[in-house]
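Whatever order the structure lists ligands and atoms in, that order sets their numbers, starting from 1.
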Amino acid sequence: MESTTLIIGASGQIGIELTMALRKKRGNDRVIASDIRPTTDSDLLQGPYEILDVLDRASLEAIIEKHNVSEVYLLAALLSATAEKNPDFAWKLNMDGLFNVLELAKAKKISKVFWPSSIAVFGPSTPRHNTPQHTVMEPTTVYGISKLAGERWCAYYHERYGVDVRSIRYPGLIGFRSEPGGGTTDYAVDIFHKAIESGSYSCFLKEDTELPMMMMEDAIRATISIMEAPSLSIKERGGYNIAGCSFTPSELASIIRRSIPSFTISYAPDFRQSIADSWPASIDDHAALNDWGWQSEYDTDKLCATMLSEIGKKKAATVETHA
Ligand code: AKB
């Protein structure tokens, strides 16, 4: 039986797109999608789909054996905003899920692991602009603390047990295919939907809050390319900085107004403002460029143009279907 790839958390914002991209490359049957709930998503159902709670190590091991899985992408996690509402469970899911996968890799049940880190590993004492790969890291959110601890555990399992684990510090991810799931950067997806649906948006961050962001297509390319890079070229076994573009809500609104001149935005900052204020504004990703050739293809203008045109097409198709 040929070896397969398992995606844990396949119904999430990254999971759906990563499943589709990997199935395109490797074939539907060689990429096993899994999530804690059943799905009706027709793309996920193009290939095998398993119900899996990553906290249940025995079931995880059974699925790995059943499908001869050699490579795992572990995407199941609580993101920053949701994690602040449920810190105990966020810590449990984000850490124990990782341990379950790392332990199976240590036992040689799988040979390669991808685990997502985040810009949330940084904190208010980190240099905000062009944040370096190695710098002060004092995160103030439960999500950031879990990501920083997770990075150190990944590096430890690599150093001590030879586990081939690879990781990226994702910025805010912007895509049109799937909804974001409880992050502080989610506004930068919602704004496009609201601009097209109603022409106005109430933003939960202040107008001048600059954050690092990335088009989903770039993020999927980065994820697959770090996993395909030769093991010896991966020098950072915690997590790599990767940069796309950086912008504020008011800059995004101005660019949207070029296509929708009547678009209006108002600001009603909530608890997510202090999370955003603790994160970098822009990222230095030279280590990823030097070690495995990472380069972003989307600046803010291209990201906005893509989001407006793709969401516009989707809405038009929905209207036609219902007409
Ligand atoms: C979040 O906002 O929590 C995520 C992230 C930056 O990791 N998008």
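Residue Thr185 places at least one N or O, backbone or side chain, under 3.5 Å from an N or O of ligand 1.
Ser3 and Asn68 share no donor-acceptor pair across their side chains, judged by distance under 3.5 Å alone. Under the 3.5 Å distance criterion, with hydrogens and angles disregarded, no donor-acceptor pair is assigned to the side chains of Arg37 and Ser11. When only modelled atom types and interatomic distance are considered, Glu210 and Thr248 share no side-chain donor-acceptor pair under 3.5 Å.
For atom 2 (O) of ligand 1, the closest non-hydrogen atom of the protein is Thr184 N, 2.7 Å. Of the protein's non-hydrogen atoms, the one nearest atom 3 (O) of ligand 1 is Ser80 OG, 2.5 Å. For atom 5 (C) of ligand 1, the nearest protein heavy atom (residue, atom name, distance) is Ser118 OG, 3.5 Å.
Distances below 4.0 Å separate heavy atoms of Leu79 from the following atoms of ligand 1: 3 (O). Every atom of ligand 1 with a heavy atom of Ile119 under 4.0 Å away is listed here by number and element: 6 (C). Counting the atoms of ligand 1 from 1 in the order shown, those under 4.0 Å from a heavy atom of Trp279 are 1 (C), 2 (O), 3 (O), 6 (C).
Of the charged side-chain nitrogens involved, at least one lies within less than 4.0 Å of a carboxylate oxygen, so that Asp164 and Arg237 count as a salt-bridged pair. With respect to the salt-bridge test (charged N to carboxylate O, under 4.0 angstrom), the residues Arg23 and Asp43 do not qualify.
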Passes ring-ring contact (aromatic ring centres under 6.0 Å, His included), Trp115 versus Tyr73? Steps please. CA-CA 6 Å; Trp115 177 77; Tyr73 291 75; over 10 Å; no
